[in-house]
Amino acid sequence: MDFFNIILWPIKWAIEAILVAFHWVFSSIGMDPDSGLTWVLSIVGLVLVIRALLIPIFVRQIKSQRKMLEVAPELKKIQAKYKGKKDQFSREAMSRETMELYKRTGTNPLSSCLPLLLQMPIFFGLYSVLLNAQHEGIGVGLLNKTLSKSFGESIFFGAPLKLAISTSSEAAKIVGGSTVAVVVIASVMVVLMTGSQFITQLQIMSKNQSPEMKSSPMYKQQRMLLYVLPLVFAFSGFTFPLGVMFYWLVSNFWTMGQQFVVIRNMPTPGSEAALAREARLAKQRQRRGITIIEDAPTEEPELPKSTQRSQPVNSKNRKKKKR
């Protein structure tokens with residue numbers, strides 16, 4: 001067993017356990033245990049469990065990004081201090097001051113990549129599980145020979161889950177599937193994956209970017225992703241099995257909904273979404289203020305003023321008062 005498989009072993013074991021658990025649940029309620037729909041729903045359950053477990057890490061990522069925005073002015077000062085200095089001493093001093101700034105403020109520029117880095121082993125683990133099921137091999141955990149064969153030969157609307165568009169038509173006929181069905185379902189998923197990723201990236205760029213971020217080189221790289229990702233999904237739709245693509249599609253939908261919630265409730269300071277949130281909160285405060293005024297207890301009526309006239313002071317009394 002090589003080093004890569006050693007790392008993936010516990011991930012594959014957990015993936016198999018979740019898949020088998022959901023498969024048992026759906027089979028217990030009367031669904032066909034060998035149906036492709038049962039296994040697709042099990043993959044959906046796998047996505048929901050994994051992405052729910054990653055929520056605390058995602059929240060930590062958002063907080064880290066906020067801190068990076070706060071320290072950006074100080075970081076620019078350090079970069080301006082050593083601008084044009086290419087000697088080794090200056091580069092080491094710049095790196096040292098930058099690391100001290102990160103340590104003092106508790107920021108980490110790699111935190112934004114953490115959720116993606118954690119999902120990649122899971123993705124490769126699922127791909128390995130499906131590849132193993134394609135050859136009807138025994139899994140590392142609860143995916144025994146019977147379940148592996150059921151998973152590998154399951155068909156979803158005429159398309160075997162273990163096949164991809166690049167698979168030959170003979171392989172599809174062996175498990176009783178159709179190459180046309182594989183191509184149609186994979187094409188539909190590529191369109192949905194591309195659309196969901198495009199919407200996710202677009203709402204980040206259009207609503208959740210401050211003016212400073214829009215003028216940065218990173219913003220241009222994000223714009224390029226809008227056009228590069230469709231090519232990535234087209235490649236994945238051609239080579240990856242349908243079971244892996246179902247995981248990726250549901251995960252994209254989760255990301256799109258998660259980003260919508262984050263942009264609405266935790267927008268980047270200075271962005272369009274932040275201004276919209278402030279306006280929304282101002283309206284809520286205004287409504288609450290009106291309600292408080294309406295529900296406030298009425299003041300007691302003032303007592304009527306006395307209409308009795310005061311007696312005029314005569315001239316003698318006035319002189320005495322002056323003295």
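These values consider heavy atoms only, across backbone and side chains, with no hydrogens, waters or symmetry-generated copies.
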For Gly125 and Leu8, which heavy atoms make the closest approach, and how far apart are they? N-CD2, 4.2 Å
Using the rule that two of Ile, Leu, Val, Met, Phe, Trp, Tyr join whenever any of their side-chain heavy atoms come within less than 4.5 Å, decide whether Phe157 and Val244 are in one cluster. yes
Considering residues at least two apart in sequence or located in another chain, which fulfil the ring pair (Phe, Tyr, Trp, His ring centres under 6.0 Å) criterion with Phe156? Phe246
For Ala14, side chain to side chain contact (heavy atoms under 4.5 Å, CB included) partners two or more places apart: none
Can you tell me how far apart NZ (Lys12) and CZ (Phe124) are? Round to the nearest 0.5 Å. 13.0 Å
side-chain hydrogen bond (donor to acceptor under 3.5 Å, both in side chains): pairs with one or both residues in residues 25-49, sequence neighbours excluded: Asp34-Ser150, Trp39-Ser150
In this structure, are over 12 heavy atoms from other groups packed under 6.0 Å from Trp13 atom CH2? no
Side-chain donor/acceptor pairs under 3.5 Å, residues 183-190, sequence neighbours excluded:
residue, atom, partner, partner atom, Å
Ser187, OG, Val183, O, 2.6

Heavy-atom check, side chain of Lys81 versus side chain of Met94, under 4.5 Å: no
Ignoring hydrogens, what is the shortest heavy-atom contact between Ser196 and Asn252? Give both atom names and the distance. OG-CB, 3.4 Å
Per-pair distances, 0.1 Å, donor-acceptor, side chain in residues 44-52, under 3.5 Å, sequence neighbours excluded:
residue, atom, partner, partner atom, Å
Arg51, NH1, Ser251, O, 3.2
Arg51, NH1, Ser251, OG, 2.8
Arg51, NH1, Thr255, OG1, 3.0
Arg51, NH2, Thr255, OG1, 3.2

Please tell me whether Ile43 and Leu37 are part of a single hydrophobic cluster in this structure, the criterion being side-chain heavy atoms less than 4.5 Å apart. yes
Does some side-chain heavy atom of Leu147 sit less than 4.5 Å from a side-chain heavy atom of Trp24? no
Should Phe240 and Val191 be counted in the same cluster of Ile, Leu, Val, Met, Phe, Trp and Tyr side chains packed under 4.5 Å apart? no
More than 12 non-hydrogen atoms from neighbouring residues, nucleotides or ligands closer than 6.0 Å to CZ on Arg277, yes or no? yes
Is there side-chain contact between Leu161 and Ile155, with heavy atoms separated by less than 4.5 Å? no
For Val182 against Pro160, the heavy-atom pair lying closest together: CG2-CD, 3.8 Å
What pairs with Glu92 under side chain to side chain donor-acceptor pair (under 3.5 Å), at least two apart in sequence or on another chain? Gln88
